[in-house]
J.: 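Sharing a structure here in C-alpha cells format.
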Amino acid sequence: MSITPATAKHSSADGTAEAILLELVDENGVTIGTAEKLAAHQPPGRLHRAFSVFLFDEQGRLLLQQRALGKYHSPGVWSNTCCGHPYPGEAPFAAAARRTFEELGVSPSLLAEAGTVRYNHPDPASGLVEQEFNHLYVGMVQSTLRPDPEEVGDTAFVTPAELAERHAKDTFSSWFMTVLDAARPAVRELTGPTAGW
C-alpha cells in the first residue's frame, strides 16, 4: 500500500501524529475555516466539504464499496464507489480522483462533475453526524480493481434491480440514497436510457 496523507497519519518532525483537517463551509459551499476530522463529525456536526464518486462499468453497472470493518465511521456498510473529504485547499475533483485510486487501486477512465448536495445524516451506530456539502462525480472504470483492505471490505458491480435487492437486505451508509438520488440525472446521462438508472 502506498503511503499518502489519506492512508497514514501525518507525522510531524517530533514523530507525533498530526490531526487530519477538513474544510468547513457555509450553506453555499464557501470555505469558512477548518476542523479536525473527528471533531467535525461529533453531534451536532459541523458543515464541511465532501465528495462522492459513482463509477460504472461498460454494462452500466454501478460499482459499490463495502467499507472496511476497521473504519471509525460506518464500518462494514455498503456505499457508493468512493467518498471522502478534500484536504483544506484541495480541489474536490482532485480529491475524488486521488481517493478512488487510494481505496480501489484504479483511476477512472472518465470522471465528470454531477452537482452538489447538502445533507445532515446522523449515524445511529456510531453516534457521529454527517453534515456535508457534497460534490458529486460520475464516471467509468475499465481496469481491474485492486482494493486496499484497510479501506475496502468488498466490492460489487450492480444493476438497478440488484441494488434494490441489496438495499432491502444489507446495511448501507446513511448518506447513500441521498447522494445517489442527487447524482441520478448525471448517472442517466452517462449510462444511457437502457441501463435503468
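All of these numbers come straight from a predicted model, not from anything done at the bench. By convention here, the first residue in the shown sequence is residue 1.
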J.: Is Asp170 reaching over with its side chain to a backbone N or O of Val77, donor-acceptor style, under 3.5 angstrom?
T.: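 Absent.
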J.: With sequence neighbours left out, write down each residue that passes side chain to side chain donor-acceptor pair (under 3.5 Å) with Ser79, or none if nothing qualifies.
T.: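 By the side chain to side chain donor-acceptor pair (under 3.5 Å) rule, Ser79 matches Ser173, Trp175.
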J.: Looking at CG of Leu63 and CG of Leu145, how far apart are the two atoms once the value is rounded to the nearest 0.5 Å?
T.: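 Spacing of CG (Leu63) from CG (Leu145) equals 5.5 Å.
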J.: Nearest 0.5 Å, please: how far is CD in Gln66 from CZ in Phe172?
T.: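 Between Phe172 CZ and Gln66 CD, I get 9.5 Å after rounding to 0.5 Å.
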J.: Would you say that more than 12 heavy atoms from the other residues, nucleotides or ligands in this model lie under 6.0 Å from the CZ of Arg46, or not?
T.: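 Incorrect, the count does not exceed 12.
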J.: Going by atom types alone, do His41 and Glu130 pair a side-chain donor with an acceptor below 3.5 Å?
T.: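 Checked: His41/Glu130 side chains pair up, N/O donor to acceptor below 3.5 Å.
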J.: Quick check: does any side chain N or O of Ser126 sit under 3.5 Å from a backbone N or O of Leu128, one acting as donor and the other as acceptor?
T.: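 Between the backbone of Leu128 and the side chain of Ser126 there is a qualifying donor-acceptor contact (under 3.5 Å).
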J.: Could you state whether Val141 and Leu163 fall into the same hydrophobic cluster, counting links through intermediate Ile, Leu, Val, Met, Phe, Trp or Tyr residues with side-chain heavy atoms under 4.5 angstrom apart?
T.: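 Not linked; separate clusters.
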J.: Going from CD on Glu27 to CD1 on Ile32, what distance comes out if it is rounded to the nearest 0.5 angstrom?
T.: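 Reported value, rounded in 0.5 Å steps: 9.0 Å.
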J.: For Leu69, what are the other residues in its hydrophobic cluster, where any two members join if their side-chain heavy atoms are less than 4.5 angstrom apart?
T.: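 Direct or chained contacts put Leu69 with none.
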J.: Do the non-hydrogen side-chain atoms of Leu136 and Ser52 ever get within less than 4.5 Å of each other?
T.: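 Counting from C-beta outward, Leu136 and Ser52 do come under 4.5 Å.
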J.: Can you name the nearest heavy-atom pair linking Pro92 to Pro86, along with the distance?
T.: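 Residues Pro92 and Pro86, closest heavy atoms: CA-CG, 4.0 Å.
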J.: Could you check whether Asp123 and Ser174, counting side-chain N and O atoms only, form a donor-acceptor pair closer than 3.5 Å?
T.: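 No.
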J.: Look up atom CG in Asn134 and atom OG1 in Thr178, then write down how far apart they are to the nearest 0.5 Å.
T.: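 Asn134 CG to Thr178 OG1: 9.5 Å, rounded to 0.5 Å.
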J.: Kindly give the heavy-atom pair with the smallest separation between Ser143 and Ser107, and that separation in Å.
T.: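 Shortest heavy-atom contact: OG-O, 4.5 Å.
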J.: Any salt bridge linking Arg49 with Glu132? Criterion: basic side-chain nitrogen under 4.0 Å from a carboxylate oxygen.
T.: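 No, no charged N to carboxylate O under 4.0 Å.
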J.: A side-chain contact here means heavy atoms from C-beta on lying under 4.5 Å apart; do Val53 and Leu111 qualify?
T.: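 Heavy-atom side-chain distance check passes, below 4.5 Å.
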J.: So, taking the atom named CG in Asn120 and the one named CZ in Arg118, what distance separates them when rounded to the nearest 0.5 Å?
T.: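 Here the rounded value is 6.0 Å.
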J.: Taking side chain as C-beta onward, heavy atoms only, is Thr81 less than 4.5 Å from Gln65?
T.: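 No, too far: nothing below the 4.5 Å cut-off.
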J.: Any luck finding a side-chain donor-acceptor pair between Ser109 and Gln142 under 3.5 Å?
T.: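 Yes, side-chain donor-acceptor contact under 3.5 Å.
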J.: Is the distance between the ring centroids of Tyr87 and His85 under 6.0 Å?
T.: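 No: the rings miss the under 6.0 Å criterion.
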J.: Could you walk me through whether Arg61 and Glu162 pass the salt bridge (Lys or Arg N to Asp or Glu O under 4.0 Å) test, one step at a time?
T.: CA-CA 9 Å; Arg61 298 179 302 167; Glu162 290 165 343; 5.6 Å; no
J.: Are side-chain heavy atoms of Trp197 and Leu62 found at a separation under 4.5 Å?
T.: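 Side-chain contact under 4.5 Å: yes.
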J.: For Trp78, does the six-membered ring have the charged nitrogen or CZ of Arg166 within the cation-pi criterion, i.e. under 6.0 angstrom from the centroid and within 45° of the normal?
T.: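 Yes.
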J.: In this structure, is the centre-to-centre distance between the rings of Phe51 and His135 below 6.0 Å?
T.: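 Here the rings of Phe51 and His135 have centres that are no less than 6.0 Å from each other.
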J.: Have His48 and Glu23 got a donor and an acceptor in their side chains that come within less than 3.5 Å?
T.: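 No, because no side-chain N or O of His48 sits under 3.5 Å from a partner of the opposite role on Glu23.
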J.: Under 4.5 Å between any side-chain heavy atoms of Val179 and Val117, yes or no?
T.: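 Yes, at least one pair of side-chain atoms sits under 4.5 Å.
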J.: Is it true that Arg67 and Glu151 make a salt bridge, defined as a side-chain N closer than 4.0 Å to a carboxylate O?
T.: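 Answer for the salt bridge query: no.
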J.: Counting distance only, does the side-chain N/O of Glu103 pair as donor-acceptor with the main-chain N or O of Thr100 below 3.5 Å?
T.: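 Not at all, since once roles are kept as given, no pair shorter than 3.5 Å links the two residues.
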J.: Please check this pair: side chain of Glu36 against backbone of Leu38, looking for a donor-acceptor N/O pair closer than 3.5 Å.
T.: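 Between the backbone of Leu38 and the side chain of Glu36 there is a qualifying donor-acceptor contact (under 3.5 Å).
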J.: Is any side-chain heavy atom of Leu24 closer than 4.5 Å to a side-chain heavy atom of Leu47?
T.: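 The answer is no, as the side chains (C-beta and beyond) never meet within the 4.5 Å cut-off.
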J.: Check whether any side-chain heavy atom of Leu64 lies under 4.5 Å from a side-chain heavy atom of Phe157, and answer yes or no.
T.: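 Not touching, per the 4.5 Å side-chain cut-off.
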J.: Given side chains that start at C-beta, do those of Leu190 and Leu110 come closer than 4.5 Å, heavy atoms only?
T.: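 They are in contact (side-chain heavy atoms under 4.5 Å apart), so the answer is yes.
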J.: Using atom types as modelled and distance alone, determine if a side-chain donor or acceptor of Asp26 lies under 3.5 Å from a backbone N or O of Asn28.
T.: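 A pair under 3.5 Å: yes.
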J.: So, Phe54 versus Tyr137, ring centres under 6.0 angstrom or not?
T.: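 No, too far apart.
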J.: Considering residues, nucleotides and ligands other than Gln42, do more than 12 of their heavy atoms fall under 6.0 Å from its CD?
T.: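 Counting neighbours around CD of Gln42, more than 12 heavy atoms of other residues, nucleotides or ligands fall under 6.0 Å, so yes.
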J.: Step by step, would you call Glu165 with Lys169 a salt bridge (Lys or Arg N to Asp or Glu O under 4.0 Å)?
T.: CA-CA 7 Å; Glu165 289 176 21; Lys169 65 180 179 67; over 6 Å; no
J.: Nearest 0.5 Å please: distance from the CZ atom of Arg99 over to the CG atom of Leu104.
T.: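 The CG atom of Leu104 is 9.5 Å from CZ of Arg99, to the nearest 0.5 Å.
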J.: Give me the atom names and distance for the closest heavy-atom approach of Gly127 to Pro43.
T.: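 Heavy atoms only, the tightest pair is O-CG, 3.1 Å.
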